[in-house]
Amino acid sequence: MSVNFLIQKAKEIQVVIDANAAEIEKLDQEIGDGDHIFNVQRGIKLVIELEPTIKDLPISKALNQIAMKVLSGIGGSSGALFGTLFMTMAKGSEIDEGIDFKKAIEIFAEGVDAVKLRGKADVGEKTMMDVLIPVSNCLKKGLEENKDKNEILIEAVAVAEKGMLSTKDLLATKGRASFLGERAKGHIDPGARSSQLMIKTVCESVNS
Amino acid sequence: MSVNFLIQKAKEIQVVIDANAAEIEKLDQEIGDGDHIFNVQRGIKLVIELEPTIKDLPISKALNQIAMKVLSGIGGSSGALFGTLFMTMAKGSEIDEGIDFKKAIEIFAEGVDAVKLRGKADVGEKTMMDVLIPVSNCLKKGLEENKDKNEILIEAVAVAEKGMLSTKDLLATKGRASFLGERAKGHIDPGARSSQLMIKTVCESVNS
Amino acid sequence: MKKFMNSADDFLKESLQGFGAAHEDIVSCYYDPNFITRSSPTKDGKVALISGGGSGHEPMHGGLVGHGMLDAACPGFVFSSPTPDQMLAASEKVDSGAGVLFIVKNYSGDVMNFEMAAEMMSGPNASVLTNDDVAVEDSSFTTGRRGVAATVLVEKIVGSLAESGGSLQECKALGDKVNTNSGSMGVAFSSCTVPAAGKPTFELGADEMEFGVGIHGEPGRRRDKVKSAQEITNELLEAIIEDLKPENNEDILLFVNGMGGTPLTELYLIYDNAKKLLDGKNIKIARSLVGNYCTSLEMQGASITLTKLDQELVKHWDSAVHTAAMRWGM
Amino acid sequence: MKKFMNSADDFLKESLQGFGAAHEDIVSCYYDPNFITRSSPTKDGKVALISGGGSGHEPMHGGLVGHGMLDAACPGFVFSSPTPDQMLAASEKVDSGAGVLFIVKNYSGDVMNFEMAAEMMSGPNASVLTNDDVAVEDSSFTTGRRGVAATVLVEKIVGSLAESGGSLQECKALGDKVNTNSGSMGVAFSSCTVPAAGKPTFELGADEMEFGVGIHGEPGRRRDKVKSAQEITNELLEAIIEDLKPENNEDILLFVNGMGGTPLTELYLIYDNAKKLLDGKNIKIARSLVGNYCTSLEMQGASITLTKLDQELVKHWDSAVHTAAMRWGM
Ligand SMILES: Nc1ncnc2c1ncn2[C@@H]1O[C@H](COP(=O)(O)OP(=O)(O)O)[C@@H](O)[C@H]1O
Ligand SMILES: Nc1ncnc2c1ncn2[C@@H]1O[C@H](COP(=O)(O)OP(=O)(O)O)[C@@H](O)[C@H]1O
Ligand SMILES: [Mg+2]
Ligand SMILES: [Mg+2]
Ligand SMILES: [Mg+2]
Ligand SMILES: [Mg+2]
């Protein structure tokens, strides 16, 4: 994984998020405050704009700059959570020596653990954790079981989608949607949807 | 003219004004601030409610109480103007000795003169004066020319209607509509319309 | 119509009761006839300032009763001028012998009702007529211009002079001076709804604004497509500046006023945009006021007022004031 | 969408610039990262109070920066919590060594961003989390209740203690106490429109209201037909009273807060209706606040907050304050 790879993925994510913007906006209007799509779009744009600044940096420094940009540029729950994800990934040991598939999964999993600590939410609380945690587990399990890279990636995409869809019928206990009680049922969580789209984009792009 | 006559006319006027309320409301919304109908309706209601208090009073005292009720109960331009009309009529000399048709016209004309002074508006300025002044003149002229009472009353109704309609194409130079300049053209003045309806009601009721 | 109300008939009374109760340290409310006075009596020898007008422009005028501003306010029904008996009762309560100054916005109804009150009064009195709305063509043959947001500034500045012992004539002269040196213009994005009417006074398309609107929802100069804040601000300011003709480097007070339904954020944005234009023209903002002071029920919109300042005006602007809606220095 | 704005991107910045310019005697605005401080530095030894949150609730929090209240405010984008770098920059500017107290409304985004800032800070700091909205069921397994209008009261009361030399721990304890003794609930007649979204956050029928609405236009307890002011007021109060359980004859502060698009007249009418119910229950209104303080852009609606008072709270409520939106005693 290189800095160039990160920027490329950000650009691909931007296309996908923009294409699904109306849907994501509506999800946060229904059970949140409607800003999630703008937060995410702003974050992606800021990361892409970092390209000239970070393109020649070691990956740990580049990831750290991305993390800081995400953290300071997004705001809201998703800013803190995505910021935590990248900050943790940037701190992964010895990543400047190269990030292979295994290392990438390791630091992603560490990032997700940190996000879990930050948000104090677990699977089943109708948040992005319903996507992030199962995906992290699926990737780790794939490695452990020595599965084929492509197989792992295909599974991850499916797990992300399943997690995202699972939020629909959940009662929210974390995040803004928790204020709605029963009324949040029947709506997919916006952060779960945006995370799932990002994971899908990256996995499918790597696996091609 | 007796106190009972005044109250009866007020009740008849109430029916007519209520029947035309939507139109009058719209007129003041178009070129004023929309309150004229409520001002007039409130005033009529208050006058009618005076019945038990004034029914046994001499006419000058009764008219004065009506004037005070109109003045303190209506507000806005029409409150000051209608209040002035009745206050002046109440001061008409020797009215307690009886108000015949001639006397009624005299005190009405004095009232209209006072209203003219109060509002500093003359015919042609797109106000209720476009009804009141021509009607006052028509009544006085009818008396001078010794016309038949019924003929005078029929003429007065026609003059009132003509005056009211004339306000449609006028540029307003007094009252709220004056702030509109050219934009007030094409709209009948609300005060002219309400005055015309009241005059028509009284004249037709006397002439029957 | 959605309003916090129980009935159109009780709207004004209940609102006044709430106002009186929430600010009993500052004001006392009287009913039948309705008027609001300071909670403490007028000092001997102090000119009493009384204003009034139709309700629906709150906090003007009741929220401006208190030390350093008005002695009494007479609220009419919504958008209907008050009646002479209100002014008489209020005068009786607050006139300490030094006379009464009426501050009246230039509308036929207000002018005539205050005139009648003045004629019925025995004691010395005078009136200041505000007519700061430059949206309306001025002419001595007509009713003239409307009195709008500058009335708030007149009340503050004259209130200070009265507090410091100015005579009736001095107070009147200062009020006329503030009025002459002020110009205002407003714009509406939505109509207001008079409680008794139950429906909006006028209709605006989803992309329309009423330019030069009055504070009762009266139509203004023209209807237009909504523009950017900077364009709107520029046009309002240009109209005011053309009328007021401030000198190069002259000190002014910039007053950005909300019509009731516009949030503060947007008023401050207008302030920013106005400052950009004024800076470019070398007109110096020496004092500022931003907020909902002269409103039109729940109308979305705003007005800008400029007042040319001199040392006298600045001194009276800065002096202590303690009312429900404006308070500083005490 | 009709707003006084030039572009959604510049909305916040231009509004902040206007705010800073209009009140340069009270505040200084900084950009990239955005924060607002008092125009004079924190006294040595005084605990610095910092609040913040998404924009769109003005005058909260920027309008509450000044003597006797906040030392700094960190405005996020509209309805998005601010980011840790803002809190860090603001802390650096206003921390005089006695520590920083963060006042945070209980929303995941706000909590997490303030937490991260706190973790990144070197100096002593603490946080008060407000969660006064009784519309939302409370539970230790969930995010809990929302922080709404009582935040204004916390900032006033703790601001006073900090001004008079309270320690970081004392300030935190007092903030928690005010929060525990407060309950709020709101209702909306219309939605707000986030500038970047360009369309209303939710749709309400012509005769509908959202009962228990959040200050970001989040759905509340239920959607209902619009009722009379007295019925709405009663229902809001009953919910708050059920939660707060004030004693017979207990002193309370009654805070009627507008959501941004509701005129003062209606807020005072709510005050009147609330007083009727409270009088009947022998709950004594010892202090009052009425106005648009914790808003939701241009939303038409209102909330009621009750705070149980004791002598300590009253003393700190009454003490002098000098901010753009709240000022008395100086
Ligand atoms: N405590 C939490 N843990 C994990 N995810 C959360 C938490 N709180 C909120 N989220 C996620 O954040 C998303 C909302 O993000 P966003 O709209 O950007 O922020 P905000 O809720 O502050 O407006 C939710 O849809 C949810 O997935
Ligand atoms: N100066 C004036 N002289 C005569 N009539 C006037 C004058 N000003 C206003 N009017 C009349 O008053 C009517 C408006 O009355 P109303 O709506 O009750 O009061 P307001 O204009 O104060 O809201 C106008 O339609 C007009 O006929
Ligand atoms: Mg959100
Ligand atoms: Mg009218
Ligand atoms: Mg009127
Ligand atoms: Mg948000």
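At distances below 3.5 Å, not a single donor-acceptor pair connects side-chain atoms of C:His57 with backbone N or O atoms of C:Ser296. Between the side chain of C:Asn125 and the backbone N or O of C:Val100, no donor-acceptor pair lies under 3.5 Å.
Within the model, atoms CE of C:Met185 and OG of C:Ser303 stand 11.0 Å from one another, a figure rounded to the nearest 0.5 Å. Note that CG of C:Asp132 is 11.0 Å distant from CG of C:Leu306, once rounded to the nearest 0.5 Å. Here CZ of C:Phe77 is found 7.0 Å from CG of C:Asn34. Values are rounded to the nearest 0.5 Å. Taken from CG in C:Leu70 to CG in C:Leu101, the straight-line distance is 10.0 Å, to the nearest 0.5 Å. For the atom pair C:Met112 CE and C:Glu119 CD, the distance stands at 12.0 Å (nearest 0.5 Å). In this structure, CG on B:Leu171 lies 7.5 Å from NZ on B:Lys126, to the nearest 0.5 angstrom.
Within residues 102-113 of chain B, no residue has a heavy atom under 4.5 Å from a heavy atom of chain C. Interface residues of residues 36-55 of chain B toward chain C, defined by a heavy-atom distance below 4.5 Å and sorted by number: B:Phe38, B:Asn39, B:Arg42. Residues of residues 75-96 of chain B lying under 4.5 angstrom from chain C, judged on non-hydrogen atoms, are B:Gly75, B:Gly76, B:Ser77, B:Ala80, B:Leu81, B:Thr84, B:Met87 in numerical order. Of all residues spanning residues 177-191 of chain B, those with a heavy atom less than 4.5 Å away from chain C's heavy atoms are B:Ser178, B:Phe179, B:Leu180, B:Arg183, arranged by number.
Donor-acceptor pairing under 3.5 Å is lacking for the side chains of B:Asp130 and B:Thr167. Between C:Ser182 and C:Thr305, the side chains place no donor N or O within less than 3.5 Å of an acceptor N or O (distance only, hydrogens not considered). Donor-acceptor pairing under 3.5 Å is recorded for the side chains of B:Lys9 and B:Ser205. In this model, a donor atom of one side chain and an acceptor atom of the other lie less than 3.5 Å apart for C:His216 and B:Arg176.
Of the atoms belonging to C:Asp85, it is side-chain heavy atoms, and not backbone ones, that fall under 4.5 Å from chain B. Heavy atoms closer than 4.5 Å to chain B are found nowhere in C:Asp32, neither backbone nor side chain. Proximity to chain C is limited to the side chain of B:Lys120, based on heavy atoms less than 4.5 angstrom apart. Neither the backbone nor the side chain of C:Glu203 comes within contact range of chain B, judged by heavy atoms closer than 4.5 Å. Heavy-atom distances place both the backbone and the side chain of C:Phe79 under 4.5 Å from chain B.
Taking both residues in full, the closest heavy atoms of C:Pro75 and C:Ser55 are given as CB-OG, 3.5 Å, listed atom of the first, atom of the second, then distance. B:Val123 and B:Pro134 make their closest contact through CG2-CD, 4.1 Å (heavy atoms, listed as atom of the first residue, atom of the second, distance). Between B:Ile59 and B:Val3, the closest heavy-atom pair is CD1-N, 3.8 Å.
Taking a cutoff of 4.0 Å between a charged side-chain nitrogen and a carboxylate oxygen, B:Asp122 and B:Lys116 qualify as a salt bridge.
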Exercise. Would you please test B:Arg193 and B:Glu30 for salt bridge (charged side-chain N to carboxylate O under 4.0 Å, His left out) and show each step?
Key: CA-CA 14 Å; B:Arg193 179 66 169 137; B:Glu30 280 163 354; over 6 Å; no
Quiz item: Are C:Lys227 and C:Glu235 close enough, and set up right, to give a salt bridge (charged side-chain N to carboxylate O under 4.0 Å, His left out), and what steps lead you there?
Solution: CA-CA 10 Å; C:Lys227 296 187 184 164; C:Glu235 199 176 336; 3.7 Å; yes
Quiz item: Checking salt bridge (charged side-chain N to carboxylate O under 4.0 Å, His left out) for the pair B:Lys26/B:Glu23: CA distance, chi angles, key distance, verdict?
Solution: CA-CA 5 Å; B:Lys26 187 149 168 283; B:Glu23 182 204 333; over 6 Å; no
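Across B:Asp35, B:Asp28, B:Ile31, the residue that shares the most heavy-atom pairs under 4.5 angstrom with chain C is B:Asp35. When each of C:Ala196, C:Gly76, C:Pro200 is scored by its heavy-atom pairs under 4.5 Å with chain B, the top score falls to C:Ala196.
Seen from the ring of C:Phe211, C:Arg221 does not count as a face-on cation partner, given the 6.0 Å and 45° thresholds.
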